[in-house]
Chemist: 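Before we start, here is the structure in question, set down as structure tokens.
Below, chains carry the letters A, B, ... as their sequence lines are ordered, and counting in each starts from 1. Only a predicted model underlies this, so the values are computations on that prediction, with no experimental measurement involved.
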Amino acid sequence: MKVSVNKDDLTFATQTVTRILTSKTSGASAGIRLTAEDGTLTLMANDLEIAMACQISAEVITVGAIVIPGKLLGEAVRRFPGQEVDLFVQEGRQVLSLRSGFSELDLIGMAPTYFPELPDILDFSRLKVSQSLLKSMLRQVSFAISTDDMRPILTGMLCECRDNSLRMVAADGFRVASRKEDIGIECPDGFRVVVPGRAVNEMARLLTDNEGTAEVTVGRNYILVKINDTTIISKLLEGNYINVDQYLPTKFTTHVEVKPKALLDALERAAVVAKDGLAGTVRLYFSDGLLKIRAQSAEHGTHYEEWAVDMQGESLEILFNIRVLIDVLKSVETGDIKLSFTGTLGPCVGKNAAQEDKYWSLAMPVRLS
Amino acid sequence: MSPKERVILHSDMNNFYASVECLHRPEIRGKAVVVGGDEEARHGIVLAKNYIAKKAGIKTAETLWQARIKCPGLIVVPPNYPLYLRYAKYAREIYECYTDQIEPFGLDEAWLDVSGNDGVMVADEIRQRIKAELGVTVSIGVSYNKIFAKLGSNIKKPDATTLVSRENYQAIAWPLPVGDLLYVGPSTQKKLYWQGVSTIGELAAMPVDCLQRLLGKVGCVLHAFANGLDQSPVARLSQESLIKSIGNSTTTPRDLVCDDDVRILLFVLCESVCARMREQGVLSRTVAITVRDSELFSVDRQAKLKAPSCISGEIADAAMQLFRQHYTWHQPIRSLGVRCTDLVPAGGLQQISFFDDEVNRQRREALERTVDSIRNRFGHSSVQRAAVWADQPLGSINPKGDHVIHPVGYFKDGMKA
């Protein structure tokens, strides 16, 4: 193999694919495979749950492939002095020579023979979605993905495509977020799959706010997402996702409309002192068009503020974990948020005035047991 | 003391509850203060008192109205356990600077193994630090075993250090009344009194076999205690709550043969365990069951709860599920136990999950508290679950009332004679 590539391209590709390598992986799958062919160099990492491939343009003199320990390559490429990097593997030897400017580096690698192949995706449906839309959907939903292994299915995000709308849902027991969007094109069979949180986070990182599209392919056991020159393939989580709509209350006692930014800032101020117990609990009182916010800890002090809010219904006192509420508020992209409460111990539903029924989120309060 | 000799401190916070209350309520300092239970709930007794109240002749555990007669103008404050727990934790953090062998005994007492150091010097330093940093005082006994250290901390109060060494224990510990010794309660004291034993020295002089005949297994233990022969180690420090678990088990009047039998008994056990958790003001996050079959083979299984709980219905469901998962009915069952561990203090904050109907959970807890108070007034059998009623011999077991459980045991693995 003998290729020449741009250093920044190579750095980007290396950094992108090495992110999925964890300390868990070992052997060939702890490495990155470099494949040179048809004017491109493809870097790929694969830990059998998730695989990521990044293609960059290259001047290919001889085709070939090699596997290099992921960490080594990342550290090396970043520090090269020149703008171009020449990569060379001598036939029959498993050593990658990197040359850039006056610097030369030989890295010991492995034959690509044992590198895990990508799975075949069976019975797939494919759709193209605008990157900015997908990014916005993930931003509004992915925060609620659970990190607790008690209910493994909740460590993923539900992706559902029916008729011509795409819906994404995440829930962790304390929060739910749901976003639905018309994608304009008919998806003939539709699908309902659960994508692991890890893959969702990688996708969110790669998506940009620009005009481009992302290609999503959903098969029986895998999802493949192609964003620009990067491809993510992830195993899907097995099992039935919960029906979150059943937790969405229909009767409310109190409605409040606020600017998310104003409440967010207030909560961040409260978070300064509220560090005890459940990592920060804040007390909200809504009464007579007034919102009072109170937080305190024995160790750090107290916080209090009050301001007028647009409210309807009964007055209410409710406790929240500050982070839970902040996440919900942050997920509102534009306009005011309408918070609807069901009482001191019941869920609070957040809706975005601008997005109507396309988006809702739910946060559970904290109780004084 | 020889170099291999252990150096053990027993630190006792003086008038702990009352001192902490006075610290937090400047307006009651310098007055006679007692911490008292709720009179409405018929818990109106003196839980703790300060020195001024003590001077007026008020005793712990007497009724509040008696105390008020003895001391007009007496100030009674309700107990604030979370606050006391916090101070107990602060004190423990100071102890941790000196050793990791710290064994709490209740909220206000702890043994420390500081072997290799000059015990009196360490004790004086701890005393000064607790006074300066927490604003309360401790008395510390220094000795070569836990029992004499505990006696020592009781001799000079408040804010004092007492050394009980191999040289002076006969002069210091032996004249003390025998009732000061751990495990000598009123009935043991009475038995000893009839043998002419009223001081620890007299107990020490009794032949072991005599004591064993008189008191059984505990006789040997007391003989060792009185002679300074106790070898029990100071437990290692653990970060968990002071009470680690609450459990009940029972050997059944007849063997259990089916799931229904087990369900009845689990309800009975869980009701007892949960009532005790409510008494202690704790919630559990893990439930464990012990099943012993008629061949005396036993298994222990545990599972995490979805949310911290003291609701017997929830605990019983989790216990039953554990049982169904792990027991195959290869043998009938002879004894069954339920234990709640991973305890957290109630009154803390708890993130609610949308999987649980929290309003309903609170109602269930309130219901069980009501049942507790009915049972306190009218007896355990005054209210029963219908399921438990189905089998009288099994259902009428009252684990909570039938066993006296010491909140903290001195012997961690049971008593060894």
Chemist: Flag yes if more than 12 heavy atoms outside B/Arg25 fall under 6.0 Å of its CZ atom; otherwise flag no.
Modeler: yes
Chemist: Which atoms of A/Tyr247 come close to chain B, meaning under 4.5 Å heavy atom to heavy atom: side chain ones, backbone ones, both, or neither?
Modeler: side chain
Chemist: For A/Pro347, is it the side chain, the backbone, both or neither that has a heavy atom under 4.5 Å from a heavy atom of chain B?
Modeler: neither
Chemist: Evaluate the salt bridge (charged side-chain N to carboxylate O under 4.0 Å, His left out) criterion for residues A/Glu305 and A/Arg294: first the C-alpha distance (whole Å), next the side-chain angles of each, then the deciding distance (0.1 Å), finally the verdict.
Modeler: CA-CA 7 Å; A/Glu305 61 187 73; A/Arg294 194 189 289 278; over 6 Å; no
Chemist: Any chance CG of B/Asn360 has more than 12 other-residue heavy atoms, nucleotides or ligands included, within less than 6.0 Å?
Modeler: yes
Chemist: Would you call the rings of B/Tyr84 and B/Tyr17 parallel, tilted or perpendicular, where under 30° means parallel and over 60° means perpendicular?
Modeler: parallel
Chemist: Let me know if A/Val324 has heavy atoms under 4.5 Å from chain B in its side chain, its backbone, both or neither.
Modeler: side chain
Chemist: Side chain, backbone, both or neither: which part of A/Arg175 has a non-hydrogen atom closer than 4.5 Å to chain B?
Modeler: backbone
